[in-house]
Amino acid sequence: MKCKKCGGKASVNMRQHKLALCKEHYLEWLPEQTERFIKKYEMFTRHENILVAVSGGKDSLGLWDILVRLGYQADGLYLGLGIDGRRSPLGEGINYSHESQRLAEKFANHHGLKLHVVDIEKEYGQPIPVLSEISHRGHGKPCAVCGLTKRHEMNRIARDLGYDVLATGHNLDDEAAVLFGNTLSWSADFLLRQSPVLPSASGLARKVKPLCRFYEREMTAYCLARGIEYIYEECPFAEGAQSIYYKELLNKLETDRPGAKLTFYLRFLEARKSGELFVESHVTHGHLHPCTKCGQPTSAPDLCSFCRTIEKVNSVPAV
Ligand code: Q46
Ligand code: ZN
Ligand code: ZN
């Protein structure tokens, strides 16, 4: 297989685009495409300050790398969730959080970039697995509390430190799996909110997903070609997640019909934009007002669900 640009040996073959490129041209192509998506969806400009949520994985580190290479002002935010053997019921030997933090810091140091690190245990007294256990949210899995905490903290840091926009590394596989799940249940509220850009609203930072049109394997190829060291392991709690099952189903479809995943997602974005699928006014938006403790928007009468979770945890006497 030959590189379409130089005729040299191709190292990445993207069947869905009918495009094969050598390493050098792939490393040019991916940022160029990202720039195109940033402009197309009006995500941000070069005058704005971007906060990249960095997990230590390939997508978020790849995204940070691309934005910096494109000349954007992008700092990182790492959330220390405390998911590792020392302090969780997972057992010894699993050092997911420590290892991902090490790799995020290594990347930042190597490129001379600013990385904010927020340790959840230091901020709120307990790591995520324990917060989840004490608060009894999420049916024995910490993902509900983890997701709630990540959203809350990313928004808090973006707001408190004055960033214009929060960027996450969600790729096409992530977005297609979410879309598939929401379509199966026809969750109109969630479908309406699924977008490459969520504008800022009543105390919430603008959120963008510049990688939403790249396949997961394209991000893996980018990180390998750039020599970015990232954490290969998934969070141990991800095992058995419904989103992984949906990804496997979509991968089967993609094998038989290259490009199916991309078409599924892009046609949805087109239909959503044109208003073909939903009439926005039919979807009920709960009345939002600021949480009396943290100020972030909530539909609950006083505290938001994150602050309620932390209150509940603090009210349980220590053993
Ligand atoms: S980090 Fe957190 Fe994920 Fe781990 S505990 Fe669940 S939500 S699986 S993306
Ligand atoms: Zn080439
Ligand atoms: Zn709150």
Side-chain angles (χ1 to χ4, degrees), residues 1-14 19-30 32 53-60 78-84 87-90 94-97 99-101 120 123-124 127-133 135 137-156 159-160 168-171 173-174 177-178 202-204 216 225 231 233-244 247 288-314:
M1 188 76 61
K2 286 187 176 168
C3 169
K4 196 178 176 187
K5 296 220 169 155
C6 68
K9 188 174 179 289
S11 51
V12 186
N13 179 19
M14 293 164 284
L19 178 67
L21 293 170
C22 69
K23 177 176 159 180
E24 192 189 319
H25 283 116
Y26 186 67
L27 286 177
E28 277 175 15
W29 176 83
L30 202 110
E32 278 167 15
V54 181
S55 69
K58 62 182 179 321
D59 302 305
S60 55
Y78 177 84
L79 297 176
L81 305 172
I83 298 176
D84 59 70
R87 289 169 294 181
S88 78
L90 289 168
I94 298 162
N95 265 320
Y96 175 74
S97 285
E99 183 59 5
S100 53
Q101 181 169 347
I120 298 300
E123 292 287 330
Y124 299 104
I128 292 292
V130 181
L131 284 179
S132 171
E133 234 177 64
S135 65
R137 283 183 76 129
H139 311 290
K141 268 213 167 201
C143 296
V145 169
C146 184
L148 180 70
T149 306
K150 285 195 281 195
R151 284 192 297 279
H152 187 275
E153 290 301 279
M154 288 193 284
N155 204 53
R156 178 176 74 84
R159 185 192 63 187
D160 290 359
T168 56
H170 294 94
N171 60 37
D173 294 53
D174 300 322
V178 169
S202 52
L204 290 175
E216 187 178 327
I231 185 156
E233 289 80 27
E234 293 255 19
C235 167
F237 293 112
E239 206 188 308
Q242 204 166 48
S243 58
I244 294 184
K247 280 183 184 178
L288 297 179
H289 53 82
C291 162
T292 50
K293 191 164 175 210
C294 72
Q296 293 197 25
T298 176
S299 53
D302 46 13
L303 293 182
C304 71
S305 40
F306 176 76
C307 291
R308 260 183 289 135
T309 303
I310 297 298
E311 282 231 323
K312 190 170 173 190
V313 168
N314 290 339

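Every number for a ligand or one of its atoms is a count from 1 in the order of the listing.
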Identify, for atom 6 (Fe) of ligand 1, the protein heavy atom at the shortest distance, and state residue, atom and that distance.
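The closest heavy atom on the protein side is C143 SG, 2.2 Å.
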
Among protein heavy atoms, which sits nearest to atom 9 (S) of ligand 1, and what does the distance come to when rounded to 0.1 Å?
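Answer, as residue, atom name and distance: K150 NZ, 3.6 Å.
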
Which heavy atom of C143 sits nearest a heavy atom of F237, and at what distance?
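Closest approach of C143 to F237: SG-O, 4.1 Å.
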
Which atoms of ligand 1 are found less than 4.0 Å from any heavy atom of [X]?
{"X": "C146", "value": "1 (S), 2 (Fe), 5 (S), 7 (S)"}
{"X": "C235", "value": "1 (S), 4 (Fe), 5 (S), 8 (S)"}
{"X": "A238", "value": "8 (S)"}

Mind checking whether E234 has a heavy atom under 4.0 Å from ligand 1?
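In this structure, E234 fails to qualify as a contact of ligand 1 - no heavy atom is under 4.0 Å.
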
Tell me whether R308 is salt-bridged to E311, with the criterion being a basic N under 4.0 Å from an acidic carboxylate O.
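No salt bridge links R308 with E311.
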
Determine, for D174 against K247, whether the closest basic-nitrogen to carboxylate-oxygen distance falls under 4.0 angstrom.
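The answer is yes: the pair qualifies as a salt bridge.
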
If we ignore angles and hydrogens, is there a donor and acceptor under 3.5 Å between the side chains of S135 and T309?
no

Given atoms SG of C294 and SG of C307, what angle do they subtend at the Zn ion (ligand 3), to the nearest 10 degrees?
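Vertex at the Zn ion (ligand 3): approximately 110°.
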
Angle subtended at the Zn ion (ligand 3) by C304 SG and C291 SG, rounded to 10 degrees:
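The SG/SG angle about the Zn ion (ligand 3) sits at 120°.
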
Checking M14 against L21 for the side chain to side chain contact (heavy atoms under 4.5 Å, CB included) test, could you report, in this order, the C-alpha distance in whole Å, the side-chain angles of both residues, the deciding distance, and whether it holds?
CA-CA 8 Å; M14 293 164 284; L21 293 170; 4.0 Å; yes

Name of the H25 atom (N/O/S only) found closest to the Zn ion (ligand 2)
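Nearest N/O/S atom: ND1.
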
Tell me the angle that SG of C6 and SG of C22 form around the Zn ion (ligand 2), rounded to 10°.
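With the Zn ion (ligand 2) as the vertex, the angle is close to 110°.
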
In terms of ring plane angle, is the pair Y124 and F306 parallel, tilted or perpendicular, where the classes change at 30° and 60°?
perpendicular

Can you tell which part of I83 has a heavy atom less than 4.0 Å from ligand 1: side chain, backbone, both or neither?
side chain

Between atom CE of M1 and atom SG of C22, what is the distance when rounded to the nearest 0.5 Å?
13.5 Å

Taken to the nearest 0.5 Å, the spacing of E99 CD from Q101 CD works out to 11.0 Å

